[in-house]
Amino acid sequence: MLVFYFMFSKEGKSFISSPAEENYAGNSVKDTIKQEIEEFTEQNHLNPFPNSTLNENDVAFTGRKLNTEIKMDSVLKIIYKENPTTIQEYYKHQKKDYAEYLYNGNSGKFEIRNNRDTILINTNLSIPNYK
């Protein structure tokens, strides 16, 4: 043990840092985690953050009520109404953030028209929820 200490130290100071204390960029782990949490929070405002998507049966049931060429507000009303416990209960006061998350998670299934209206063009959605 003493040999190891002398081999890897300079003037009594260790020059091998602990991986738990520093990452490869030289930042402390606490600082890195704090920074990642802040970046995540800035990008995702939903609380609680969705940890699942609707199963196939729920998606099919909700999808039957959806039509193409409807606006995002109407899509949200249908999703909230058909999924009161896994979506509406958690996100009823976060419609704007939920709409953004739904839009970003379903690329190619919505289209922006007239620079302001988000229109559904494919009813086969991946619908995020919290279980």
Side-chain angles (χ1 to χ4, degrees):
M1 181 75 166
L2 193 54
V3 173
F4 177 81
Y5 178 77
F6 287 114
M7 286 179 58
F8 294 102
S9 69
K10 259 189 181 172
E11 298 175 13
K13 294 182 181 179
S14 174
F15 63 87
I16 298 177
S17 63
S18 167
E21 294 174 5
E22 292 186 21
N23 63 16
Y24 50 85
N27 299 328
S28 74
V29 172
K30 287 182 181 179
D31 291 341
T32 302
I33 292 172
K34 183 179 178 183
Q35 181 182 358
E36 288 177 3
I37 290 172
E38 288 172 358
E39 290 172 4
F40 180 79
T41 305
E42 287 174 11
Q43 297 170 0
N44 304 293
H45 302 287
L46 289 174
N47 184 22
F49 189 74
N51 62 0
S52 184
T53 57
L54 292 181
N55 63 39
E56 289 182 34
N57 291 335
D58 291 338
V59 169
F61 182 76
T62 303
R64 280 186 240 133
K65 309 260 179 174
L66 294 171
N67 297 314
T68 57
E69 303 298 318
I70 61 174
K71 293 183 180 182
M72 179 64 87
D73 289 343
S74 299
V75 171
L76 290 181
K77 285 179 187 176
I78 293 168
I79 290 173
Y80 278 42
K81 181 181 177 188
E82 299 303 322
N83 302 283
T85 58
T86 59
I87 297 174
Q88 183 179 15
E89 180 179 322
Y90 296 107
Y91 305 116
K92 63 185 167 192
H93 300 295
Q94 304 177 67
K95 288 185 179 179
K96 181 179 177 184
D97 294 326
Y98 187 84
E100 182 179 341
Y101 191 81
L102 182 69
Y103 177 83
N104 290 333
N106 288 284
S107 63
K109 298 187 180 174
F110 291 95
E111 186 176 278
I112 297 177
R113 295 189 185 156
N114 303 325
N115 290 328
R116 62 178 190 172
D117 294 331
T118 305
I119 307 296
L120 180 67
I121 58 172
N122 183 337
T123 60
N124 186 21
L125 298 174
S126 173
I127 302 173
N129 68 345
Y130 183 79
K131 286 188 176 185

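Every value quoted in this text rests on a predicted model; they were computed, and no experiment measured them.
By the salt bridge (charged side-chain N to carboxylate O under 4.0 Å, His left out) test, Lys92 is found to be paired with no residue, residues two or more places apart in sequence or in another chain being considered. Not counting sequence neighbours, the partners of Asn47 by the side chain to side chain contact (heavy atoms under 4.5 Å, CB included) test are Gln94. Listed by chain and residue number, Tyr90 satisfy the ring pair (Phe, Tyr, Trp, His ring centres under 6.0 Å) test with Tyr130 (two or more places apart in sequence, or in another chain). Under the side chain to side chain contact (heavy atoms under 4.5 Å, CB included) criterion, Lys131 pairs with Asn51, Ser52, Asn129, sequence neighbours left out. The salt bridge (charged side-chain N to carboxylate O under 4.0 Å, His left out) test applied to Asp73 returns no partner, not counting sequence neighbours. Evaluation of the salt bridge (charged side-chain N to carboxylate O under 4.0 Å, His left out) rule for Arg113 yields Glu69, Glu111 as partners, not counting sequence neighbours.
No more than 12 heavy-atom neighbours from other residues, nucleotides or ligands sit within 6.0 angstrom of NZ on Lys77.
Contact of the Asn106 side chain with the Asn122 side chain is not registered, since no non-hydrogen atoms from C-beta on lie closer than 4.5 Å. Proximity of Thr53 to Ile127: side-chain heavy atoms (C-beta onward) are nowhere separated by under 4.5 Å. The closest side-chain heavy-atom distance from Asp58 to Thr86 is not below 4.5 Å. Counting only heavy atoms from C-beta outward, the side chains of Leu66 and Leu125 approach each other to under 4.5 Å.
The shortest non-hydrogen separation linking Ile78 to Lys65 is CD1-O, 3.4 Å. Closest non-hydrogen pair, Thr68 versus Ile121, comes out as CG2-O, 3.5 Å. Of all non-hydrogen atoms in Ser126 and Gly105, the two that sit nearest each other are CB-O, 4.4 Å.
Looking at Tyr80, its side chain does come within 3.5 Å of a backbone N or O of Tyr91 through a donor-acceptor pair. Looking only at distances, a side-chain donor or acceptor of Asn55 sits under 3.5 Å from a matching main-chain atom of Asn57. The backbone N or O of Arg116 sits nowhere less than 3.5 Å from a side-chain atom of Asn114 that would complete a donor-acceptor pair.
Taking CZ of Phe110 as the start and CE of Met72 as the end, the distance is 4.0 Å to the nearest 0.5 Å.
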With side chain to side chain contact (heavy atoms under 4.5 Å, CB included) as the test, would you mind laying out the steps for Val75 and Thr118 before giving the verdict? CA-CA 10 Å; Val75 171; Thr118 305; over 6 Å; no

Run Leu76 and Leu102 through side chain to side chain contact (heavy atoms under 4.5 Å, CB included) and show every step you take. CA-CA 9 Å; Leu76 290 181; Leu102 182 69; 4.2 Å; yes

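Between Phe49 and Tyr101, the two ring planes are perpendicular [angle over 60°; tilted spans 30° to 60°].
Residues Leu120 and Phe61 do not share a hydrophobic cluster, clusters being chains of Ile/Leu/Val/Met/Phe/Trp/Tyr side chains in contact below 4.5 Å. Ile119 and Ile112 sit in two unconnected hydrophobic clusters of ILVMFWY residues. Membership requires side-chain heavy atoms under 4.5 Å apart, directly or through other members.
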